Amino acid sequence: MRRSQLFIKTRKDVPSDEVALNAQLLIRGGFVHKEMAGVYDFLPLGLAVLNKIIEIIRQEMNAIGGQEVYLSGLQPKDNWEKSGRWHDDVVDVWFKTRTHGAKGFHLGPELGLGNTHEEAITAIARGHISSYKDLPTYVYQFQTKYRNEPRAKSGLLRCREFIMKDLYSFSGSQAQHDKFYEEVKVAYGKIFKRLGLSDSTYLTYASGGSFSKFSHEFQTLLPVGEDTVFVDKKKKMAVNKDVITDDVLTDLGLKKADLKEAKAVEVGNIFPLGTRFSKPLGLNFVDRAGQNKSVVMGSYGIGPGRVMGVIAERFADKSGLVWPEAVAPFMVYLVSIGDDSSIRKAAQDIYSQLTAAGVSVLYDDRDERAGEKFADADLLGLPYRVVVSEKLIKNNQVELKARTSQTPKEVKHDQLVETLVGTLVKTL
RNA sequence: CGGGGAUUAGCGCAGCCUGGUAGCGCGCCGCGUUCGGGACGCGGAGGUCGUGGGUUCAAAUCCCGCAUCCCCGACCA
């Protein structure tokens, strides 16, 4: 992609009332546009990052047998009345509306914009699950959730409209469910590792509601986080402040003295549902012995947009964003310095060569000064910066610098592709 | 939902106290000089001053209501 063609412009200033670092940098870099509090538009670079995150999650969901679906945002109220989650005093984040009535513009049936999809998927599953032979089975989706949060805040970390990956598992017994539940735990671990977050992300014990002792959250330690967790760094475990008691610690084999309090952002959670939804909605199956039973369910969420905000916030330095290679919108920011035709040609060659080698490049071909291009390279946070200039061309060299490094190194022009591809293969 | 702050050009802000033709910086357009860490000169384009009412000869400015945004807290199925 040529920078001169790119839809967005970067900015030097951000709205002064925007305090969250992820929002400041993502807006300055033109990754997102804020539509209103807690509602963001994803622009080309931002969408590229979001899609990379989604693709990583998708691969790991497929790897454990998840089948992708896409459920509607508009939800009829009947399923939710059956589960008891329609009324506003039970779930207070609903956005609700109505259709037009059949005979014109009087009001028709009530609808809600889905804030989660347990009810919907359970109702659908009734038509497809009827025997132990159909179990276990797993479906997931990337879908937009709407939650009328009393207070959206912290940029992408708490939104009213956001994409969520939600996986639902259907099992024939608690044992069958538990087995998959553990597999999801492992899969989530892989996802956060690939996203570069594993060092700071902890499997965290949290409230399980009325159907099980615990649920599990994946909490990334960040000062901006809304959750408070107690972390045992050695055991790589944490406990949410909401559930911490002496009994819980004993159960988990944790000692108070080993725990450290920290702020964290919930980037994922996995939740045993038991028969909380299958019972009221009538999702049953016939077991081997011919007995009618309720399906045992679980739900498993990750918010890709929130994850993007967390990555932005966590790795940024004073010059701007720092994207891990796995989610960067482009791998290389190519800068040409000077307007001389030999420089332009050299830069164009490198652009073609890298692109041909499968390395994505954002080529800053604008007629701007070096300082401005460097500042943009830093702000946008692509993993590598390649510079072509008159001085370098004379020696048949180009300059290569990792975003995380202070010192550029000179590389022979004809070895750049090899060097870069080699570096990338190592890290991917 | 309680408390505090804010709303003036695409973005960042001044002007308001003390009413009198709306200004600065960034960005944008044109010309020229520059060219390895956000250059400079000259000339331009761009604004229902969040919104509804009121006071006044006259309102960005004074008064009343409302909306929206940010922060702190409560909430977070």
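These numbers come from a predicted model, not from an experiment. These values consider heavy atoms only, across backbone and side chains, with no hydrogens, waters or symmetry-generated copies.
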**Request:** With sequence neighbours excluded, tell me which residues meet side-chain contact (heavy atoms from CB on, under 4.5 Å) with A:R369.
**Result:** none
**Request:** Quickly work out the A:K34 NZ to B:rA6 P distance and round it to whole Å.
**Result:** 17 Å
**Prompt:** Counting only non-hydrogen atoms, which of residues 111-124 of chain A are less than 4.0 Å from RNA chain B?
**Reply:** A:N115, A:T116
**Request:** Between B:rU61 and B:rG50, how far apart are the P atoms? Round to whole Å, please.
**Result:** 8 Å
Quick one: which protein N/O atoms are closer than 3.5 Å to N/O atoms of nucleotides 73-75 of chain B? Pair and distance per line, please.
from   : atom 1 : to     : atom 2 : distance (Å)
B:rG73 : N7     : A:R151 : NH1    : 3.2

**Asked** Between atom CG in A:L21 and atom P in B:rC70, what is the gap in whole Å?
**Response** 16 Å
**Request:** Please determine, for B:rG65, whether a Watson-Crick or G-U wobble partner exists with both distances under 3.5 Å, and give it or none.
**Result:** B:rU51
**Asked** Atom NZ of A:K9 and atom C1' of B:rC28: how far apart are they, to the nearest Å?
**Response** 7 Å
**Request:** Rounded to whole angstrom, note down the P distance from B:rU68 over to B:rU56.
**Result:** 32 Å
**Request:** Find the distance between CD1 (A:I56) and CZ (A:R194) and round it off to the nearest 0.5 Å.
**Result:** 5.0 Å
**Request:** Round to the nearest Å and state the distance from A:E35 atom CD to B:rC69 atom P.
**Result:** 11 Å
**Counterpart base for B:rG46, defined by Watson-Crick or G-U wobble contacts under 3.5 Å** = none
**Prompt:** With sequence neighbours excluded, what pairs up with A:D134 under the side-chain contact (heavy atoms from CB on, under 4.5 Å) test?
**Reply:** A:I129, A:S130, A:S131
**Asked** Are A:D376 and A:R366 close enough, and set up right, to give a salt bridge (Lys or Arg N to Asp or Glu O under 4.0 Å), and what steps lead you there?
**Response** CA-CA 12 Å; A:D376 257 10; A:R366 297 173 304 167; 3.2 Å; yes
**Message:** Under 3.5 Å for both donor-acceptor distances, Watson-Crick or wobble: does B:rA58 have a partner, and if so which one?
**Reply:** none
**Message:** Between P on B:rC76 and CG on A:N240, what's the gap in Å once rounded to a whole number?
**Reply:** 13 Å
**Request:** Hunt down the Watson-Crick or G-U wobble partner of B:rC11, both distances under 3.5 Å, from any strand shown, or write none.
**Result:** B:rG25
**Prompt:** Mind checking the P distance from B:rC66 to B:rA58? Whole angstroms is fine.
**Reply:** 26 Å
**Prompt:** What about A:W323 and A:F31, are their ring centers closer than 6.0 Å?
**Reply:** yes
**Prompt:** Starting at CD1 of A:I8 and ending at P of B:rG27, how long is that distance when rounded to a whole Å?
**Reply:** 16 Å
**Request:** Quick one: pull up CG in A:N79 and CD1 in A:I121 and give me the separation to the nearest 0.5 Å.
**Result:** 11.0 Å
**Item:** B:rG47 versus B:rG12 - spacing of their C1' atoms, nearest Å
**Value:** 15 Å
**Request:** Between B:rC49 and B:rG37, how far apart are the C1' atoms? Round to whole Å, please.
**Result:** 38 Å
**Request:** If B:rG73 has a Watson-Crick or G-U wobble mate with both distances under 3.5 Å, name it; if not, just say none.
**Result:** B:rC1
**Fill in**
A:E161 meets the side-chain contact (heavy atoms from CB on, under 4.5 Å) criterion, sequence neighbours left out, with A:V39, A:T144, A:Y146
**Message:** Taking the C1' atom in each of B:rC69 and B:rC11, what is the distance between them to the nearest angstrom?
**Reply:** 16 Å
**Item:** Nearest-angstrom distance from the residue atom CE of A:M36 to C1' of B:rA67
**Value:** 13 Å
**Item:** Step-by-step ring-ring contact (aromatic ring centres under 6.0 Å, His included) determination, A:Y181 to A:H216
**Value:** CA-CA 10 Å; A:Y181 192 84; A:H216 295 86; 5.4 Å; yes
**Request:** Tell me whether the centres of the aromatic rings in A:Y300 and A:F218 are closer together than 6.0 Å.
**Result:** no
**Message:** What contact category does A:S336 fall into here, base, sugar-phosphate, or nothing, at under 4.0 angstrom with non-hydrogen atoms?
**Reply:** nothing
**Request:** Mind calculating the distance between CG (A:D13) and P (B:rC70) to the nearest angstrom?
**Result:** 18 Å
**Request:** Provide the distance between the two P atoms, one in B:rC40 and one in B:rC35, to the nearest whole Å.
**Result:** 14 Å
**Item:** Rounded distance in Å between the C1' positions of B:rG10 and B:rU18
**Value:** 34 Å
**Prompt:** When you look at A:L254 and A:M237, which way does the side-chain contact (heavy atoms from CB on, under 4.5 Å) test go after all the steps?
**Reply:** CA-CA 9 Å; A:L254 295 173; A:M237 278 166 55; 3.9 Å; yes
**Message:** For A:L222, run the side chain to side chain contact (heavy atoms under 4.5 Å, CB included) check against A:V265, A:D227, A:L21 and tell me which one passes.
**Reply:** A:V265
**Prompt:** Can the ring centres of A:Y138 and A:F180 be said to be less than 6.0 Å apart?
**Reply:** yes
**Message:** Return a single string for nucleotides 31-46 of chain B, one symbol per nucleotide in 5' to 3' order, where B is base contact, S is sugar-phosphate-only contact and - is none, cutoff 4.0 angstrom on heavy atoms.
**Reply:** ---BSBBBB-------
**Item:** Any strand: nucleotide that pairs with B:rG32 via Watson-Crick or wobble, under 3.5 Å
**Value:** B:rC40
**Message:** Let me confirm one number: the CG-NE2 distance from A:D92 to A:H87, rounded to the nearest 0.5 Å.
**Reply:** 14.5 Å
